[in-house]
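Here's the structure, in structure tokens; my notes come after.
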Protein chains: 2
Amino acid sequence: MSTKYKQIVSELEADLLSGKYNEVKKLPREEDLIEKYQVSRTTIRKAIAMLVNKGYVYQVQGSGIFIREASLQDYVSLENLKGLTRDFPDKKIESKLINLMVINADEDLAKQMKCDVGTDIYFLERLRYVNEEPFAVEYTYLNKNVIPYMSEEIAHRSIYSFIINDLKLSIGFADKIIYADKLDSESAQLLQLSENDPTLVIENTVFLTNGTVFEVSKVIHNYKNTKLLKLANF
Amino acid sequence: MSTKYKQIVSELEADLLSGKYNEVKKLPREEDLIEKYQVSRTTIRKAIAMLVNKGYVYQVQGSGIFIREASLQDYVSLENLKGLTRDFPDKKIESKLINLMVINADEDLAKQMKCDVGTDIYFLERLRYVNEEPFAVEYTYLNKNVIPYMSEEIAHRSIYSFIINDLKLSIGFADKIIYADKLDSESAQLLQLSENDPTLVIENTVFLTNGTVFEVSKVIHNYKNTKLLKLANF
DNA sequence: AAGTGGTCTAGACCACCGT
DNA sequence: CGGTGGTCTAGACCACTTC
């Protein structure tokens, strides 16, 4: 059983995605939500705050809770960072494993992963496809002390769902550095593009809830089919 | 006078940026902050929640409030979107105005700006420099019904500070679409790069607190000196 | 003026971290 | 176990929007 406000968030999120409020472009007022879910105002407001943070809605004092209609389709959201499977629920996601090995952290990697030099690290190289088209080349480093087990089978599917559902770890936050660059020849070949073509690169450092680094990765995207969506609040 | 929690956020933010807590890498516990600021726990927790959203800190149940040390230097933050002046406080920011005119919204622009076809729109083209280097070419559309006045003088400095401080408008949120592409010849020349070099493009739609669109813009960045930083929470 | 969000309080009880 | 965050309640009063 989850907490009340999280359940309310899930339910409202599902309603929003199903288009339940598309006509009025508004959510019911706070008082109605309080009545519907039988919770205190604080709890409702906490749930709404989550939806605001996720970019679903915005509130206007004296007026109501309005839906923010940034058509989510075909964009990789920078808010819900739980893997491609979440971003493209209707599309066919595949991964080709190119490399999987255990290495020892050198000084540079140890610093990035906040671990000791020599720590065992899984290194994975994957080519990811969306609807049969090459989408990105991923170079991933996982701390073996945190992720004790990794296999070809897991790497083919979603590593994140393995971490959350099987290892029961909870992911806390991530730093992402985003930039454009020229493609190197290896990545170009994998993405079926030409050397020196543009590419969108994302370098990730991903932390558990307690602040432990468990993943460092570099993802080289096909510029022809990657668009990120960031919903910012001031 | 601002609200209590906003004042607390400002103060803690300044403390964090000044490096006050760099040694312990922790903020004081909630109870101490309550004592210090003489407010209720809810108010302190609201302030901390803001700092968490901005990516400054993370909380661990049973343990404390820890500082998230993602070195902010040389990155354009996707959290504090108040212009380059905020992102690079120590650097020299300049803008060269290339074009400033009033146009009428065509069907496409009207849709993007949620206004009527034919509405007066300021169109600006600016080349922005950071430390004397060409940083980005900006194409900006501003709804003249919202921003009634614009001049060469304002366009040379920060449009955002004009909107906030002089027009007293409050900016609410923004949608940002981010992708890599090949440079066209005009932008390439302005950025002192070659045609077909990579570029990082950001397309913005910016809203006031009440949901009114006041700006649509396309920013074509120099890939050699632009790195974005996104601090995500799960 | 009526409707609806925004801020703030005081306090209860639960859940997780570390020793 | 003590220390520290996490969730939740009930209620007061303020501020903005809309008519």
Side-chain angles (χ1 to χ4, degrees), chain A residues 1-10 12 21 24-53 56-68 146 168-173 207-212 233-234, chain B residues 1-10 12 21 24-53 56-68 146 168-173 207-212 233-234:
Chain A
M1 200 57 162
S2 178
T3 57
K4 288 188 185 179
Y5 80 88
K6 283 181 184 165
Q7 289 175 55
I8 296 170
V9 169
S10 305
L12 290 174
Y21 299 111
V24 284
K25 296 181 180 176
K26 277 180 83 168
L27 249 47
R29 44 198 252 272
E30 291 182 353
E31 204 175 320
D32 290 339
L33 294 171
I34 290 166
E35 178 60 28
K36 175 172 181 189
Y37 292 104
Q38 291 292 309
V39 294
S40 70
R41 184 157 176 231
T42 315
T43 301
I44 279 296
R45 281 184 63 76
K46 173 140 189 170
I48 296 168
M50 303 289 299
L51 296 174
V52 170
N53 276 338
Y56 285 115
V57 299
Y58 61 95
Q59 287 182 283
V60 179
Q61 187 169 12
S63 185
I65 306 165
F66 298 86
I67 296 175
R68 198 163 152 185
V146 184
K168 308 286 184 201
L169 296 174
S170 59
I171 299 173
F173 51 95
F207 302 79
L208 297 180
T209 333
N210 66 10
T212 310
N233 293 296
F234 284 79
Chain B
M1 201 58 163
S2 178
T3 58
K4 288 188 186 179
Y5 81 87
K6 282 181 185 165
Q7 289 174 55
I8 296 170
V9 169
S10 304
L12 290 174
Y21 299 112
V24 285
K25 294 182 180 176
K26 277 180 83 167
L27 249 47
R29 44 199 252 272
E30 291 182 354
E31 206 175 319
D32 290 339
L33 293 171
I34 290 166
E35 178 60 29
K36 175 172 180 188
Y37 291 104
Q38 291 293 310
V39 294
S40 71
R41 185 158 175 231
T42 313
T43 301
I44 279 295
R45 282 183 63 75
K46 174 139 188 170
I48 297 168
M50 303 289 300
L51 295 174
V52 169
N53 276 338
Y56 286 114
V57 299
Y58 61 95
Q59 288 181 283
V60 180
Q61 187 169 14
S63 186
I65 306 166
F66 298 86
I67 296 176
R68 197 164 153 185
V146 184
K168 308 286 183 202
L169 296 173
S170 59
I171 299 174
F173 51 95
F207 302 79
L208 297 180
T209 338
N210 66 9
T212 311
N233 293 295
F234 283 79

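Every heavy atom of this structure was used, including side-chain atoms; hydrogens, water molecules and symmetry mates were not. So that the names make sense, note that chain A is the first sequence line, chain B the second, and so on, each numbered from 1. None of these values were measured; they are calculated from a predicted model.
The distance between atom CD1 of A:Ile8 and atom P of D:dT7, rounded to the nearest whole Å, is 13 Å. Rounded to whole angstrom, the span from the NZ atom of A:Lys46 across to the P atom of D:dT7 amounts to 4 Å. Separating the CD1 atom of B:Ile34 from the C1' atom of C:dC8 is a distance of 13 Å, rounded to the nearest angstrom. The nearest whole Å value for the distance from the CD atom in B:Gln38 to the P atom in C:dC8 is 15 Å. As a whole-Å value, the separation of B:Glu31 CD from D:dG6 C1' is 15 Å. What separates CD of A:Glu30 from P of C:dT4 is a distance of 11 Å, to the nearest Å. Residue A:Leu208 contributes atom CG, which lies 11 Å from atom P of C:dC17 at whole-angstrom precision. C:dC16 atom C1' lies 15 Å from atom OH of B:Tyr58, rounded to whole Å.
The phosphate of D:dT7 has neither OP1 nor OP2 within less than 4.0 Å of any side-chain N or O from A:Lys4. Considering only side-chain N and O atoms, A:Thr43 lies under 4.0 angstrom from the phosphate OP1 or OP2 of D:dT9. Here B:Gln59 reaches the OP1 or OP2 of D:dG6: one of its side-chain N or O atoms lies under 4.0 Å away. When the side-chain nitrogen and oxygen atoms of A:Arg45 are compared with OP1 and OP2 of C:dG6, one or more of them lie within a distance under 4.0 Å. Listed pair A:Tyr5 / D:dC8 fails the phosphate criterion, with no side-chain N or O lying under 4.0 Å from OP1 or OP2. Applying the 4.0 Å criterion to OP1 and OP2 of D:dT18, one finds that A:Ser63 has a side-chain N or O inside that range.
Comparing D:dC8, C:dT9, C:dG6 by their closest approach to the side chain of B:Ser40 singles out C:dT9. Comparing C:dG5, D:dT9, D:dG5 by their closest approach to the side chain of A:Thr42 singles out D:dT9. Comparing C:dT7, C:dT9, D:dC8 by their closest approach to the side chain of B:Thr3 singles out C:dT7.
Across all their heavy atoms, B:Tyr37 and B:Leu12 have their closest contact at OH-CD2, 3.8 Å. Residues A:Leu27 and A:Tyr21 come closest through the heavy atom pair CD1-CD1, 3.6 Å.
Nearest-nucleotide positions on DNA chain D for B:Asn210 and A:Lys6 put A:Lys6 closer to the 5' end. Along DNA chain D, the nucleotide nearest to B:Arg41 and the one nearest to A:Phe66 differ in position, and the one closer to the 5' end is contacted by B:Arg41. Between B:Val60 and B:Val39, it is B:Val39 whose nearest contact on DNA chain C lies nearer the 5' terminus.
Proximity of A:Arg68 to A:Asn233: side-chain heavy atoms (C-beta onward) are separated by under 4.5 Å at one or more points.
Ring planes of B:Tyr58 and B:Phe66: parallel class, angle under 30° (limits at 30 and 60°).
Side-chain N or O atoms of B:Thr209 include one that pairs as donor or acceptor with a backbone N or O of B:Ser170 at under 3.5 Å.
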